[in-house]
Chemist: 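The structure's right below; bear with me while I get my questions together.
What you see below is based on every heavy atom in this structure, not just the backbone, and it leaves out hydrogens, waters and symmetry mates. One is the number of the first residue; the rest follow in order along the sequence.
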Amino acid sequence: MTDAAAAAAAPTVAQDLPVWDLSDLYPGPRSPELEADLTRTGDLARAFEERWAGRIAALDGAALGEAIAEYERITETLHKIYSYAQLLHAGDVANPEIGRFYQDIQERGTEISSHMIFFTLEINRIDDDALAAMLADPAAARYAPWIRDVRAFRAHQLSDELEKMLHDKDVAGRSAFVRLFDETMASLRFPVDGEELTITQVTDRLSSRDPAKRKAAAKAMGKVLQDNGRLFGLITNTLAKDKEIEDRWRKYDRPVSARNLANQVEDEVVDALVTAVKDSFGSLSHRYYALKAKWMGVDKLDYWDRNAPLPDDADRQYSWDEAVKIVLGAYERFSPDLAAVGRRFFDNPWIDVPARPGKASGAFAHPVVPSAHPYLLLNYMGRGRDVMTLAHELGHGCHQILAGEQGPLLSATPLTLAETASVFGEMMTFRAMVDAETDPKRRRVMLASKVEDMLNTVVRQIAFHEFERQVHDERRKGELSTERLGEIWMQCQQDSLGPAFRFDDEYAAYWAYIPHFIHSPFYVYAYAFGDCLVNALYAVYQDGAPEFQARYLELLRAGGTKTHRELLAPFGLDASDPQFWKRGLSVVSGFIDELEEVS
């Protein structure tokens, strides 16, 4: 694919919305600079294997530190290449030339990284006492947190040959099915009132003020997902079986255990979170949606009314400039230092803002590598929720820049803490918007909107988690039909949303469009973890804890060097304490109490 072809393939975008410029990484997909990095990284990886393979256990601390530093340099360049391909692909998932380039990079990157696999495997075979002696040397001690996280998987490590085989096969296995999902979802069109809508546009239509438009979008979405149910069912079953096979070989007790280990959080802590949220369904979502049904003058809400604007909601549209001003203003009031980090995303072309055909749906912040900078992807439609999404993703971006000071291996944050800055950014923005509003009706609408966002983050994500848990548990006994997948989905939705809702048959297919089930199994509970954590953290801030801003920025700068226990201790918080989750959930309950009082 030529660079000119890539440019020609780029879709037209709204002129007043910024798009990212990926040339900070590489000039183009077939540029000499990218090809040179691929060639050089391959040479370095092979040289690394030749120099260090079979020798790690015999090294002294200084040599181990040297080897890790070399490993870090090679992997950073490789991740930069991967990031460029991923971002280019996300910008136009439907473009077949970009898709082939993306696949090519995955395949070449897999071959290069295969020469590095031995390194972490050998680190995990070092005797504990010998490793302690190595870590006495400053060169190795710098990487102690990374070594800690690598060795957390010791009990689940396979032989070198099996590890290499699984690594090599991924590009033609799991990764291929993820790409199939992404490209299929991006190519789907949903016929609504004479228009052919993308997945982003049709889900946005579910927030329309017009009930007829919401219903038409919901019905079209369900019909198209049903029509493609066999394909999405095949993808889901295949990936669940792939995970079951690997979990069995690695001797994980439960499907969620590998994710928990990667998140540096104990199974029982996640169980406590899930139990606390499920026990609160009645006092949170059931209670709120009964209120919403009353406000909307109906006995029951249709499922397409879940995100419907309230009758008093003027459905205000926010220009991009307004959104930027609101979000940066909120960050500035909390911490000028944090706002200065966030402003870099707007002073530079680091955000891709407009929704367009072929673009990946949703929103994300990609950390890329510390030697470069993060990029944000949005699908901005001008609603209040889009302002909150900007605040959310900007929080991620700021976190990634600050944590990047730790370097490539130590900057990665476990998912349980990765949502901290994003949800905190949302809370700051919400508080700023509410404080600036003088109209009581408008304040009530804003409070209700925040409650809905929190329910979507906490209750909905735990319902997603329960769907995944049941699917993966049942997949261990055999393939699930699309009808069974729909049954599990409907039960989880009914349990979490409560009796205020009416669900039509086509809603049973809505499990198919949730990308986290495909991209990152059991990712979703991290949103609820982050929301409850931030609620507790924000309460500490509101109580006037001294030096809170400085300690908060230090939390973000820590990256992956500390566990959640270590990071929360300065704030007097402990996620292993059951009261921690109740404290976080009480913030949501308190907002609903306030809404009941004024309704």
Chemist: For a side-chain hydrogen bond (donor to acceptor under 3.5 Å, both in side chains) check, start with the C-alpha distance between R287 and S589, then their side-chain angles and the critical distance, and finish with the verdict.
Modeler: CA-CA 9 Å; R287 185 161 61 114; S589 183; 3.2 Å; yes
Chemist: Please confirm whether F424 and Y552 have ring centers closer than 6.0 angstrom.
Modeler: yes
Chemist: Whether D352 and K359 form a salt bridge (side-chain N of Lys/Arg under 4.0 Å from carboxylate O of Asp/Glu) is what I want to check.
Modeler: yes
Chemist: Less than 4.0 Å between a side-chain N and a carboxylate O, is that true for K278 and E466?
Modeler: yes
Chemist: Counting the benzene-type ring for Trp, do Y375 and H373 have ring centres under 6.0 Å apart?
Modeler: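 So the answer is yes for these two rings.
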Chemist: Please work out which of the three classes, parallel, tilted or perpendicular, describes the rings of H472 and F522, given edges at 30° and 60°.
Modeler: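 It falls in the tilted class, 30° to 60°.
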Chemist: Indicate yes or no: does K215 engage D305 in a salt bridge with an N to O separation below 4.0 Å.
Modeler: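 Result for this pair is no, no salt bridge flagged.
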Chemist: Any salt bridge between D435 and R431, counting N to O under 4.0 Å?
Modeler: no
Chemist: Inspect the contact between E97 and R100 and indicate whether a charged nitrogen and a carboxylate oxygen are less than 4.0 angstrom apart.
Modeler: no
Chemist: Salt-bridged, D453 to R385, with N to O below 4.0 Å?
Modeler: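 So D453 pairs with R385 through a salt bridge.
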Chemist: Is it true that D321 and K325 make a salt bridge, defined as a side-chain N closer than 4.0 Å to a carboxylate O?
Modeler: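 Salt bridge: no.
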Chemist: Could you check whether any side-chain N or O of D504 sits under 3.5 Å from a backbone N or O of E506, counting only pairs where one atom can act as donor and the other as acceptor?
Modeler: no
Chemist: Go through V353 and V19 one step at a time and tell me if the side-chain contact (heavy atoms from CB on, under 4.5 Å) criterion holds.
Modeler: CA-CA 6 Å; V353 177; V19 295; over 6 Å; no
Chemist: Using 0.5 Å steps for rounding, measure from the CG atom of N263 to the CG atom of L417.
Modeler: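 The distance works out to 8.5 Å.
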Chemist: What verdict does the side-chain contact (heavy atoms from CB on, under 4.5 Å) test give for F364 and L378, after you've listed the backbone C-alpha separation in whole Å, the side-chain angles of each residue and the deciding distance to 0.1 Å?
Modeler: CA-CA 7 Å; F364 65 71; L378 305 175; over 6 Å; no
Chemist: Should D299 and R502 count as an ion pair when the cut-off is N to O under 4.0 Å?
Modeler: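 No salt bridge links D299 with R502.
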Chemist: Decide whether H89 and Y84 meet the rule of one side-chain donor and one side-chain acceptor closer than 3.5 Å.
Modeler: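 On atom types as modelled, these side chains do not qualify, holding no pair under 3.5 Å.
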Chemist: When the ring centroid of Y538 is compared with that of Y541, is the distance short of 6.0 Å?
Modeler: yes
Chemist: Please tell me if the side chains of R383 and R316 come closer than 4.5 Å, counting only heavy atoms from C-beta onward.
Modeler: no
Chemist: At what distance, to the nearest 0.5 angstrom, does CG of L284 lie from CD1 of I592?
Modeler: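 Here the rounded value is 5.0 Å.
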Chemist: Determine whether a donor-acceptor pair (N or O, by modelled atom type, separation under 3.5 Å) exists between the side chain of R174 and the backbone of D242.
Modeler: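 The answer is no, because no donor-acceptor pair under 3.5 Å joins these two groups.
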Chemist: Does the distance from a Lys or Arg side-chain N to an Asp or Glu carboxylate O, for R442 and D313, drop under 4.0 Å?
Modeler: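 Counted as a salt bridge, because a side-chain N and a carboxylate O are separated by less than 4.0 Å.
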Chemist: In terms of side-chain heavy atoms, does Y525 have a donor or acceptor partner in N260 at a distance below 3.5 Å?
Modeler: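 Yes, N260 and Y525 have a side-chain donor paired with an acceptor closer than 3.5 Å.
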Chemist: Could you check, using the six-membered ring where one of them is a Trp, whether F529 and W581 have ring centers closer than 6.0 angstrom?
Modeler: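 Yes: the rings meet the under 6.0 Å criterion.
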Chemist: Would you call the rings of W489 and F467 parallel, tilted or perpendicular if under 30° counts as parallel and over 60° as perpendicular?
Modeler: perpendicular
Chemist: Is R230 atom CZ crowded by more than 12 heavy atoms from other residues, nucleotides or ligands, each under 6.0 Å away?
Modeler: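 Incorrect, the count does not exceed 12.
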Chemist: Indicate the ring-plane relationship of H396 and H392, choosing parallel, tilted or perpendicular according to the 30° and 60° boundaries.
Modeler: perpendicular
Chemist: Go through the steps to decide whether N535 and R583 satisfy the test side-chain hydrogen bond (donor to acceptor under 3.5 Å, both in side chains), and finish with yes or no.
Modeler: CA-CA 8 Å; N535 288 342; R583 183 178 184 180; over 6 Å; no
Chemist: When you check the gap from the basic side-chain N to the acidic O, do D92 and R356 get nearer than 4.0 Å?
Modeler: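 No salt bridge links D92 with R356.
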Chemist: Does a side-chain N-to-carboxylate-O contact under 4.0 Å join K241 and E479?
Modeler: no
Chemist: Starting from the C-alpha separation in whole Å, work towards a yes-or-no answer on side-chain contact (heavy atoms from CB on, under 4.5 Å) for C398 and L556.
Modeler: CA-CA 8 Å; C398 291; L556 301 186; 5.5 Å; no
Chemist: Please verify the inter-ring angle class for Y513 with Y510; under 30° counts as parallel, over 60° as perpendicular, anything in between as tilted.
Modeler: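 The arrangement is perpendicular - the two ring planes meet at more than 60°.
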Chemist: Return yes when atom NZ of K213 has more than 12 non-hydrogen atoms of other residues, nucleotides or ligands closer than 6.0 Å, and no otherwise.
Modeler: no
Chemist: Begin with the C-alpha distance, continue with both residues' side-chain angles, and end with the deciding distance and a verdict on side-chain contact (heavy atoms from CB on, under 4.5 Å) for R214 and D210.
Modeler: CA-CA 6 Å; R214 293 198 302 271; D210 186 343; 6.0 Å; no
Chemist: Measure the shortest side-chain to side-chain distance between P191 and V224 over non-hydrogen atoms and say whether it is less than 4.5 angstrom.
Modeler: yes
Chemist: Within the 4.5 Å heavy-atom criterion, are L291 and E596 side-chain neighbours or not?
Modeler: yes
Chemist: Give me the ring orientation class for F517 and F464: parallel if the planes are under 30° apart, tilted from 30 to 60°, perpendicular past 60°.
Modeler: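 Judged by the thresholds at 30° and 60°, the geometry between F517 and F464 is perpendicular.
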Chemist: Indicate whether any N or O donor in one side chain lies under 3.5 Å from an N or O acceptor in the other, for H516 and Q461.
Modeler: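 Not at all, the side chains of H516 and Q461 share no donor-acceptor pair under 3.5 Å.
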Chemist: Does any donor atom in the side chain of Q493 or Y303 lie under 3.5 Å from an acceptor atom in the other side chain?
Modeler: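 Short answer, no.
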Chemist: Using a 4.5 Å cut-off on heavy atoms from C-beta on, say whether the side chain of E487 contacts that of M490.
Modeler: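 No, too far: nothing below the 4.5 Å cut-off.
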Chemist: Using 0.5 Å steps for rounding, measure from the CE atom of M454 to the CZ atom of F430.
Modeler: 8.0 Å
Chemist: If you apply the rule side-chain hydrogen bond (donor to acceptor under 3.5 Å, both in side chains), what do you find for N456 with E452, and how did you get there?
Modeler: CA-CA 6 Å; N456 283 337; E452 291 192 14; 5.8 Å; no
Chemist: Is there a donor in the side chain of Q86 and an acceptor in the side chain of H366, or the other way round, less than 3.5 Å apart?
Modeler: yes
Chemist: Are R444 and W295 in a cation-pi setup, meaning NZ or CZ lies under 6.0 angstrom from the ring centre and within 45 degrees of the ring axis?
Modeler: yes
